[in-house]
Each structure stands twice: as C-alpha cells, then as structure tokens.
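Okay, structure first, notes after.
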Amino acid sequence: MKMNNSMKNNLEKTSPFLRACRRQAVPHTPIWLMRQAGRYMPEYRAIRAKYGMLEVMRTPELAAEVTLQPIEAFSMDAAIIFSDILPPLIGMGLDLEFEKGVGPVIHNPISSTADIEKLSTPTAAENMQPTLDAISLVAAELTPRGIPLIGFCGAPFTLASYAIEGGGSKTYAKTKALMYSEPAAWDQLMRKLVRVQVDYLLKQVEAGASALQVFDSWAGLALGLQDYVRYVQPYNTLLFREVARSSAPTINFSTGTAVYLHEVAACGGDVIGVDWRLPLDMAWEMIGFDRAVQGNLDPVALLTPWPELKSRVDDVLERANGRLGHIFNLGHGIFPNVPVDNVRRLVEYVHEKTSNN
Ligand code: CP3
C-alpha cells in the first residue's frame, strides 16, 4: 500500500511505542528488542548463509526483508532498520569489515592526530543511501499497518572507540590515551563524528523513520563520571540538540552508566535507554520520572525457563508501576542462542499483562 500523510498522522496518534516515547497513555506497554533482527531467527540465518553482513545492509530489498522478519514473526510494537552503527565510518575513510566469528574489524584504525585531520565528513546521501532506501521501503510497508520504524546511529564515543581500537576492546586503552593526551584532536574527532551522525539521523527521518535511537554502548564501560562529563557529554548534547530539529522522538541508550545516569539523561533524548545493571525504578528515579525510559530485562533471562523469565519480566513491569512512558526492551542486545519461543512468549506476555481492556 502507498503511504500518505494521513497514514503518517494516524501512526503518530495510535502507535503505543510513539505514544510512550511522548509519555502519553497507551493501550498496553509497547515492546521491541534490541537486535531483534538477528541470528536467533532461522529466517535471518537463511539470508546470512547467502549474503555477507555488509551486502545485506547495502542491498535495500534485503535490508528491508530482514528488518521485517521479527515484525512478521512476533507482535513487536516497532521495527528497527537493519544496518549497524559502524558503516557510516566507511565513507569517513575507515576500512571496515565484519569478520566471521570475530565481529567488526577496522583495518586502518586512527593512530595519530594526522589521521583525525584526514577523516572525511560525507553526507548521508553520499555515504548511506542504501540504508535510506531500505528505510523508505520498510516505512511504505509498515506505516499502513500502524507500526513505526526506528532509525539509529552510534554515539560519537562508541564510534571513536572502534575507529581507534580497530575493533572491540576490553580496556579502551588506546581510545582513552588519545583522549587524555590530545584533547584538541579528540574534540575534532568527536565533532566530525557528530556532524556525520546528525545528517544521517535527520535523513533517516526524511526517508520514513518515526523515532531515532542513539547507541552509546561503550562509554559507560570505559569512562568514569568526570571523564564522561568532560569528554562525552558535550558531544552527545550537541547531537541531541541538532537532532531535535526533527519532530521524531529520540532514545538515548547506553550501558554501564548506572553510576551517572543523571548525566546521561542531561545530554538529551526523549527516552533514556536503561541497561540491566540497576532495577528499573532506581534507574528511573535517577533519570527523573518526567522522562520516558526503555528497558531493562537482562538479556540472559531469555535463556532461562519460563518461570524464571516470567518472574524477571514481572519485576521490570512492577518497577515501571504503570507510569506513563515505559517502553519494554532488553537491557542490551538479544543473544544469538535465544529460543524463538521465548521471544514470542515474552512479547505476548508483556502485552497481555499490561493490557487496559
Ligand atoms: O537491532 C537491530 O535489529 C538492528 C540492527 C543492529 C545491528 N547492530 C545488527 C548486527 C543494530 C542497531 C546494531 C548496533 C550495534 N552494532 C551496536 C550498538 C548496540 C549494542 O549492541 O551495543 C554495536 C556496538 C555494534 C557493533 C557490532 N556489530 C558488533 C560488536 C558486532 C559483532 C557482535 C555479534 O553479535 O556478532 C556486530 C555485528 C552485527 N550487527 C550483527 C547484527 C545482526 C551480527 C552479524 C551477523 O549476522 O553475523
């Protein structure tokens, strides 16, 4: 079906997910799961058996198909576009590859201020057009069905950590050493990353995304309070301020930030994503009950038998306590070995237990 403006307006009014982002009343607590399109689904594995990760992301029809897989299989309240946080780095000059069994690898990591100087800042149209096209395809499919699509990007610290370490890290030592010893170069790197991500986020909304999530997965695992405030907060604040030019609600997600969630919230975002390290009510209190929150089931709960899983879901819902502005999600991405039936049962149970009629 073709999308028109009245369908888009209707989506804004009726989607439980979009209503919860704005702390409006909802017919049930909305739920979606980070990494909901992924290896735990046989349909996803079938596509990946034929195509590489970057190939799926760069082929709009394939990216759209994978995005829709969890929507067809479960009654999720939102879809998230299938891509990754790292591909925007390619157009900036970084040689990214997803290596089987390893994860993302950057073959020419940043190691000097000259490398930062050299980084390009391409527009999203130059850099990420296949993803923007995939967003248009998915939105055309989902808007008439009343389901919103989430666009996303990586936050500058998390992207910088991959660009400098060349992949995942346990210590973030290279990233932090550069940050501490070359503050002017760090500023330049963060500003370049923000510029590229802001354009990308705004273009995702133009292409049909109804909400935006910013993933700052690693800042909290790497940085203490003072370093977060000094080296991350100014740039995340800039990013959220720039993106507020669009009307799409924003989700500010991080992990390991329990010690300074109030500083995370101060950066901006209509919704604050909460990992599994604090009980939801304690986290929400630190954030402020005047903001919406998303979370925070421990992803490992999906690997346990139903009675254990159910009691952990009940705990999250009890701590949310029916307040306006709760989006149910995991505290971090779903694991590849989660049984599909547990996902189905989780989604159905959250809807059933929170249903107003
Ligand atoms: O949530 C979704 O369904 C949308 C797609 C999505 C992916 N990655 C797909 C993916 C999103 C939103 C991401 C974000 C992402 N990517 C983050 C932030 C979120 C988080 O988990 O903290 C980070 C840190 C990355 C970087 C990344 N990409 C890693 C570390 C890995 C390897 C780990 C792994 O699970 O294999 C990836 C690869 C990746 N991104 C996969 C998927 C489905 C697995 C690729 C495969 O099919 O083999």
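In each ligand, atom 1 is the first atom listed, and ligand 1 is the first ligand listed. Only a predicted model underlies this, so the values are computations on that prediction, with no experimental measurement involved. Numbers here simply count residues along the sequence, with the first being 1.
Around ligand 1, the residues contributing at least one heavy atom under 4.0 Å from the ligand are Met34, Arg35, Gln36, Ala37, Arg39, Tyr44, Arg48, Met53, Ile80, Ile81, Phe82, Ser83, Asp84, Ile85, Phe98, Gly103, Pro104, Phe152, Tyr162, Phe215, Ser217, Trp218, His332.
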Side-chain polar contacts of residues 161-168 - donor-acceptor pairs under 3.5 angstrom, sequence neighbours left out - could you list them?
unit_1	atom_1	unit_2	atom_2	d
Ser161	OG	Thr158	O	2.8
Tyr162	OH	Trp218	NE1	3.0
Glu165	OE2	Lys174	N	3.2
Glu165	OE2	Thr175	N	2.9
Glu165	OE2	Thr175	OG1	2.7

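For the atom pair OG of Ser6 and CG of Leu11, the computed distance is 11.0 Å after rounding to the nearest 0.5 Å.
The aromatic rings of Trp284 and His326 sit tilted relative to each other, their planes meeting at an angle between 30° and 60°.
Checked against the 6.0 Å centroid threshold, Phe215 and Phe152 count as a close aromatic pair.
Screening residues 41-88 for ring pair (Phe, Tyr, Trp, His ring centres under 6.0 Å) gives Tyr44-Phe82 as the qualifying pairs, with residues at least two apart or on separate chains.
For Gln24, the side-chain hydrogen bond (donor to acceptor under 3.5 Å, both in side chains) criterion is met by no residue, not counting sequence neighbours.
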